[in-house]
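Below: one structure, written as structure tokens.
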Amino acid sequence: MVKLTPPMGWNSWNTFGPNINEQVILEIADAMVEKGLLAKGYEYLVVDDCWSLKERDANRRLVPDPEKFPHGMKAVADYVHSKGLKFGMYSCAGNLTCAGYPGSFEHEFIDAKTFAEWGVDFLKYDYCYHSPIIPGENLYRRMGLALDNSGRDILFSACSWGVDETHEWVKSTGASMWRSTGDIFDTWQSIKDLAKQQEKLHPYNGVGCFNDMDMLVVGMYGKGNVGLQGCNDIQYKNHFSMWAFFGSPLMIGCDIRNMSQAALDILTNEEVIRINQDPVCRQPVKLQGIWSGDDLLIYARHLANGDLAIGVFNLGDGNATCRLNLDQLGLPVSTGKTLELHEVWTGEVSYVKNATMFKDLAPYDCALYRAKVIDLL
Ligand code: GLA
């Protein structure tokens with residue numbers, strides 16, 4: 001499976017945790033279409049942990065819990081496909097999944113075949129209860145190979161949380177995306193920590209294998225399985241902007257059946273998604289503002305059409321001012337060029353004069369620009 005831009009979709013874990021069932025998944029499939037999410041690119045619907053029985057059957061095959069999924073997973077996959085969506089499932093490289101259900105260790109090929117027979121298009125593969133002796137890279141290579149030989153095109157989503165130097169070997173496993181951090185929670189501190197942890201990992205992102213910063217918490221407002229104190233809409237806007245800008249897969253985690261209009265507007269901003277899905281998928285570069293503290297992140301990214309994406313993210317609880325010299329972008333005054341800035345959330349257009357870009361930001365707010373190179377004003 002070659003995935004050329006970051007995968008987009010919805011995953012059950014953040015909101016539902018173990019409380020998943022056929023009805024919820026079917027309703028989510030309906031909502032992904034009705035709310036226009038599929039039309040914006042959110043195509044994978046992924047059932048996370050806790051979908052199976054605790055024991056395999058006599059043929060060593062995984063068994064869907066009949067109370068949760070009375071018609072089995074093939075029926076769910078068929079419904080999801082009938083909506084124009086793709087269907088994702090979950091397993092683990094260990095003996096058990098993180099929630100204690102059977103993992104795929106020593107059953108990789110039989111499980112890959114089962115998933116293929118059910119019509120699965122995406123497999124998230126976790127790292128709990130894994131062998132202390134066999135290196136993680138071998139475990140992920142096993143399942144990657146099993147999926148590649150399953151007879152179906154199945155996107156392999158590695159979830160080893162960035163441990164054991166995942167970034168050094170993950171591209172050798174056939175994975176199209178890889179979790180580069182621990183689990184997200186619906187708090188500003190969690191979002192901030194995950195964003196900062198990416199700093200050293202950006203060079204490992206790129207076409208075909210994307211740094212997965214974990215599922216989005218946009219629109220959870222403290223409810224659901226990973227909902228703690230929750231965030232406000234400004235924080236969710238900043239969260240989504242960073243994940244999109246950094247080229248992370250965009251997997252929605254809130255209950256989209258009854259999501260707020262604000263959350264829907266954030267998750268469907270076309271210009272933000274366009275930056276995320278830019279075809280060359282260049283890594284973001286961290287820039288240094290003048291007098292900007294630790295909580296003001298400034299990043300730039302080359303886009304395929306010659307534009308730049310520039311992101312200014314205030315992670316702090318106070319006002320912040322970005323003063324950025326364009327020299328760092330390769331645009332000193334001597335080039336005779338400057339930037340026309342299009343802010344993608346407000347639509348505002350501004351120009352950089354004297355090679356220094358200024359932007360004031362309220363607490364937790366961000367600005368995200370598509371910047372065009374123009375002649376010096
Ligand atoms: C791990 C993963 C999560 C989720 C749970 C399920 O913690 O990182 O994303 O899949 O397991 O148990």
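Both ligands and their constituent atoms are indexed starting at 1 by order of listing. Counting from 1, the numbers follow the sequence of the chain as shown.
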Mind checking whether C128 contacts ligand 1 via backbone (N, CA, C, O), side chain (CB onward), both or neither, at a 4.0 Å heavy-atom cut-off?
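Neither part.
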Taking 4.0 Å as the limit for heavy-atom contacts, which would you say applies to T97 with ligand 1: side chain only, backbone only, both, or neither?
neither
Give the residue, atom name and distance (to 0.1 Å) of the protein heavy atom nearest atom 2 (C) of ligand 1.
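Of the protein heavy atoms, D126 OD2, 3.1 Å lies nearest.
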Just need the protein heavy atom nearest to atom 7 (O) of ligand 1, so name the residue and atom and give the distance.
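Its nearest protein heavy-atom neighbour is D183 OD2, 2.7 Å.
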Proximal ligand 1 atoms for [X], defined as those under 4.0 Å from one of its heavy atoms:
| X | value |
| --- | --- |
| D49 | 6 (C), 12 (O) |
| C98 | 1 (C), 11 (O), 12 (O) |
| R179 | 8 (O), 9 (O) |
| K124 | 3 (C), 4 (C), 9 (O), 10 (O) |
| W161 | 2 (C), 8 (O) |
| D48 | 4 (C), 6 (C), 10 (O) |

So, do P6 and C281 sit near enough that their side-chain heavy atoms are less than 4.5 Å apart?
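Touching, per the 4.5 Å side-chain cut-off.
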Parallel, tilted or perpendicular: which describes the rings of [X] and [Y], with under 30° parallel and over 60° perpendicular?
| X | Y | value |
| --- | --- | --- |
| W118 | W51 | perpendicular |
| Y236 | Y221 | perpendicular |
| Y125 | F156 | tilted |

Can we call the ring centroids of Y79 and F87 under 6.0 Å apart?
no
Can you confirm if the aromatic rings of F105 and H130 lie within a centre distance of less than 6.0 Å?
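So the answer is no for these two rings.
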Under 2.5 Å between SG of C92 and C128
no
Judging by distance only, is a nitrogen or oxygen of W13 under 3.5 angstrom from one on ligand 1?
no
Tell me whether D214 has any N or O atom under 3.5 angstrom from an N or O of ligand 1.
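No.
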Look only at the side chain of D121 and the backbone of Y44, and say whether a donor-acceptor pair between them is shorter than 3.5 Å.
no
Is Y127 near ligand 1, meaning one of its heavy atoms is under 4.0 Å from it?
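Not so, Y127 does not reach ligand 1.
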Is a donor from one side chain sitting under 3.5 angstrom from an acceptor on the other, for T97 and D49?
yes
